[in-house]
Q: 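Got a structure for you, questions after.
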Amino acid sequence: MSLRVYNTMSGKKEEFQPLVPGKVGMYVCGVTVYDYCHIGHARANIVFDVIFRYLQFSGYETTYVRNYTDVDDKIINRANERGISSQELAEEFIKAFDEDMDSLGLVKPTHEPRATEYIQKIIEITQKLIDKGIAYEASGDVYYSVDKFPDYLKLSKRNMEDMLAGARVTPGEQKRDPMDFALWKAAKPGEPSWKSPWGEGRPGWHIECSAMSSSLLGDSFDIHGGGRDLIFPHHENEIAQSEGASGQTFVKYWLHNGFVNVNQEKMSKSLGNFFTIRDILKTYDAEVIRFFILSAHYRSPIDFSDQNLAEAQSGLKRFYEALEAAEIATDGTEKKVQRTDEGAKVEKKFREAMDDDFNTALAIAHLFDGVRTMNRLIATKKFKKKPELIAQVEDLHATILQLGEVIGLYRSQPTTWLEKVKLVGLAQLEITQGEIEELIKQRLQARKEKDFSRGDEIRNDLEAQGILLLDTREGTSWRLK
RNA sequence: GGCCCCGUCGCCAAGUGGUAAGGCAGAGGUCUGCAACACCUUUAUCAGCAGUUCGAAUCUGCUCGGGGCCUCCA
């Protein structure tokens, strides 16, 4: 079975066949760097991180481009408010973005271009569009004339009459048509600007992506991604610009991720229901966020809430507990892992799920099946005396780690991860680790003396405080309720 | 006003024509001094109504409910 992807352009799942066999070019719209990233940005970037990883895992030599928009109205405004240059502001938030993506465990794209590094290319494309009669200059601005591009709105599947009927489009002063959009904006005082054939100015938003993508991937490439909200106008305009200039099909497959909602509504600053990655990371482990995001299909909306994050944490904990148990049961020593039926089965199902438009939710469900099988084997009587069972557990363990890598999960040492989550949770309780350990000692003493009621009392008290005790042959450990 | 999406077990969530994955929570059991952990078993006919079909959660129509885009937005 081969990879199938949902293409926004056709509205269907299509068989994935790159323009050049074995190679993939992928461009994803990055962020405008004027503020900290929120959980919605985290989703978009994690989704395409996983797509990138899976393409490579599937054997495609993939060039992944994700840009920084470092010149824009919002950057200029914010910089003015703070009395710094827009360059300084952009630098600051590029750094913050990199830190956030790093802590979320994203791999680096092949290229991370900045819009300001491609001004020449932007001017070049703009000039070409003017030469072709598709764009026009007006007092230092340059606009794209949408009625010169018959395919306009083919991605968002709207029509011009309906758009105009919306009556919320206000004609720009220099525009010939209210639907036209700016390729180049004449400089205003105090704004960053570059020299151009039309005077000092700066690029419009949409043209940046056309310039960066064609520079790094060519006039025609395989995958273009971004959030749903970019379909119109951003991606529509990119198509108009790139295809208008090159005369070639810009992109073969358009992929768009769904939103992160809060209380069933889109997250937005005006509603105040806004969570930055940094804030969330204070309470939740980065991998929990990734797990939460990947437990739904990338095109569906997901609802961000404490309950959902807590559930994601429970789910991920199940993996780490099983991985830890497997390491203990097999002594965790490094050995050549034999492929067994169990491991092969999990891998096959995982691939099938991912091949079906990157169905990470289903893929994770198959990994859960692997966990259950592993736990069951370990719980078998006389497990340690059955080499064939040990081999299966070792293989499942290795398989889960290997496939986990593909979606960026289970990258930590189980013991370390479990300990970390435990301590973060403990910090929210009234009791300290030392106190717990002291009580465990007292209970052990009581149990030695067969004073079970005292022992139970301690255990019940701890449970009331949110601490569960686990008795094993090796001794008593504790975990959070 | 135009375009579009969604409504699956208490909660989260796969499944787009062949008879409902998985996780969390719950119940019963095995294990245990008693528990916990782990394991085993167990819990839905898919918002409603009407159609198409041998057969529908999956297709069509209508109704109800929720959301998105049409302006910057992941």
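Order of the sequence lines sets the chain letters (A, B, ...), proteins ahead of strands, with each chain counted from 1.
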Q: Quick one: F259(A) CZ to C72(B) C1', roughly how many Å, whole number?
A: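 Interatomic distance, CZ of F259(A) to C1' of C72(B): 12 Å.
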Q: Counting heavy atoms from C-beta on, name the nucleotide in G68(B), C72(B), G15(B) closest to the side chain of N359(A).
A: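 Closest of the options to the side chain of N359(A): G15(B).
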Q: At under 4.0 Å between heavy atoms, what does G226(A) touch on the DNA or RNA strands: base, sugar-phosphate, or nothing?
A: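 If one applies the 4.0 Å heavy-atom cut-off, G226(A) turns out to touch the sugar-phosphate alone, with no base involved.
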Q: Any ion pair linking E437(A) and K441(A) (charged N to carboxylate O, less than 4.0 Å)?
A: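 Not counted as a salt bridge, because no side-chain N and carboxylate O are separated by less than 4.0 Å.
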Q: Should R82(A) and E92(A) count as an ion pair when the cut-off is N to O under 4.0 Å?
A: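 Looking at R82(A) and E92(A), the cut-off is met.
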Q: With a 3.5 Å cut-off and heavy atoms only, can you find an N or O donor on one side and an acceptor on the other between the side chain of E265(A) and the base of G67(B)?
A: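 Result: no qualifying N/O pair found.
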Q: Both F292(A) and K13(A) contact RNA chain B. Taking the nearest nucleotide for each, which residue is further toward the 5' end?
A: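 The residue closer to the strand's 5' end, by nearest nucleotide, is F292(A).
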Q: What distance, rounded to whole Å, do you find between the two C1' atoms, one in A50(B) and one in C72(B)?
A: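 44 Å, rounded to whole Å.
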Q: Base, sugar-phosphate, or nothing for K450(A), non-hydrogen atoms under 4.0 angstrom?
A: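 No contact at all - K450(A) keeps every heavy atom at 4.0 Å or more from the nucleic acid.
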Q: Less than 4.5 Å apart, side chain to side chain, heavy atoms only: is that true for D303(A) and P301(A)?
A: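 D303(A) does not reach P301(A) side chain to side chain.
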Q: Would you say K157(A) has more than 12 foreign heavy atoms packed within less than 6.0 Å of its NZ?
A: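 Yes, because the 6.0 Å sphere around NZ of K157(A) holds more than 12 heavy atoms from other groups.
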Q: Expressed as a whole number of angstroms, how long is the span from D303(A):CG to C12(B):P?
A: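 It works out to 8 Å between those atoms.
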Q: If we call it a pair only when both distances are under 3.5 Å in a Watson-Crick or G-U wobble match, what pairs with U52(B)?
A: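 Base partner found: none.
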Q: Say you pick atom C1' in C46(B) and the same atom in A21(B); how far apart are they, in whole Å?
A: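 About 14 Å, rounded to a whole number of Å.
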Q: Would Y36(A) and F93(A) count as a ring-ring contact (aromatic ring centres under 6.0 Å, His included) here? Give the steps.
A: CA-CA 7 Å; Y36(A) 291 116; F93(A) 285 107; 5.1 Å; yes
Q: Heavy atoms under 4.0 Å, any strand shown: does L362(A) hit a base, just sugar-phosphate, or nothing?
A: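 If one applies the 4.0 Å heavy-atom cut-off, L362(A) turns out to touch a base.
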Q: Could you state the CZ-C1' distance from R66(A) to A74(B), rounded to the nearest angstrom?
A: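 From R66(A) CZ to A74(B) C1': 12 Å.
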Q: Charged N to carboxylate O under 4.0 angstrom, R459(A) versus E463(A)?
A: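 Answer for the salt bridge query: no.
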Q: I'd like the P distance from G18(B) over to U71(B), given in whole Å.
A: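 It comes out at 41 Å once rounded to the nearest Å.
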Q: Indicate, with a heavy-atom threshold strictly under 4.0 Å, whether S300(A) touches base, sugar-phosphate, or nothing.
A: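 Sugar-phosphate contact only.
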Q: Provide the distance between the two C1' atoms, one in U43(B) and one in C9(B), to the nearest whole Å.
A: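 The answer is 7 Å between these two C1' atoms.
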Q: Base, sugar-phosphate, or nothing for V260(A), non-hydrogen atoms under 4.0 angstrom?
A: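 Base: the residue V260(A), judged by heavy atoms under 4.0 Å, touches a nucleobase.
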Q: Quick one: look up who C3(B) pairs with, Watson-Crick or G-U, both distances under 3.5 Å, and put none if it's unpaired.
A: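 Pairing partner: G68(B).
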Q: Is it true that atom CZ of R228(A) has more than 12 heavy atoms of other residues, nucleotides or ligands lying nearer than 6.0 Å?
A: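 Atom CZ in R228(A) is not packed in, count stays at 12 or less.
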Q: Using the C1' atoms only, state how far C6(B) lies from A57(B), rounded to an integer number of Å.
A: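 Going atom to atom, C1' in each nucleotide, I get 14 Å.
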Q: Just wondering, more than 12 heavy atoms not from K345(A) lying within 6.0 Å of its NZ?
A: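 It does not: K345(A) NZ has 12 such atoms or fewer within range.
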Q: If pairing requires Watson-Crick or G-U wobble contacts with both distances under 3.5 Å, which nucleotide is the partner of A38(B)?
A: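 Pairing partner, where one exists within any strand: U30(B).
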Q: How do S156(A) and M267(A) order along RNA chain B: which one's closest nucleotide is nearer the 5' end?
A: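 The 5'-side residue here is S156(A).
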Q: What's the gap between A13(B) and A25(B) when it is taken at their C1' atoms, as a whole Å value?
A: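 Taking atom C1' in both A13(B) and A25(B), they lie 14 Å apart.
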Q: Generate the contact string for nucleotides 25-42 of chain B. Rules: B means base contact, S means sugar-phosphate contact only, - means no protein heavy atom under 4.0 Å.
A: --------BBBBSSSS--
Q: Distance between the C1' atoms of U45(B) and G67(B), in whole angstroms?
A: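 It works out to 26 Å between them.
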Q: In this structure, how many angstroms lie between the C1' atom of G68(B) and the CG atom of N257(A), rounded?
A: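 The distance from CG of N257(A) to C1' of G68(B) comes to 13 Å, rounded to the nearest Å.
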Q: Quick check: does any side chain N or O of R78(A) sit under 3.5 Å from a backbone N or O of Y34(A), one acting as donor and the other as acceptor?
A: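 Between the backbone of Y34(A) and the side chain of R78(A) there is a qualifying donor-acceptor contact (under 3.5 Å).
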Q: Can you tell me the distance, in whole Å, between the NZ atom of K266(A) and the P atom of C72(B)?
A: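 One finds 12 Å between P of C72(B) and NZ of K266(A), rounded.
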Q: D369(A) near the nucleic acid: base, sugar-phosphate alone, or nothing, with a heavy-atom cut-off under 4.0 Å?
A: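 If one applies the 4.0 Å heavy-atom cut-off, D369(A) turns out to touch the sugar-phosphate alone, with no base involved.
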Q: Could you tell me how far apart Y68(A) (OH) and A74(B) (C1') are, to the nearest whole angstrom?
A: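 Y68(A) atom OH is separated from A74(B) atom C1' by 15 Å.
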Q: Using the C1' atom in both, what is the distance from A36(B) to C49(B), to the nearest Å?
A: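 The answer is 50 Å between these two C1' atoms.
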Q: I need the NZ-C1' distance between K154(A) and C3(B), as an integer number of Å.
A: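 Going from NZ in K154(A) over to C1' in C3(B) covers 19 Å.
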Q: Rounded to whole angstrom units, what separation is found between the NE2 atom of H297(A) and the C1' atom of C5(B)?
A: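 One finds 14 Å between C1' of C5(B) and NE2 of H297(A), rounded.
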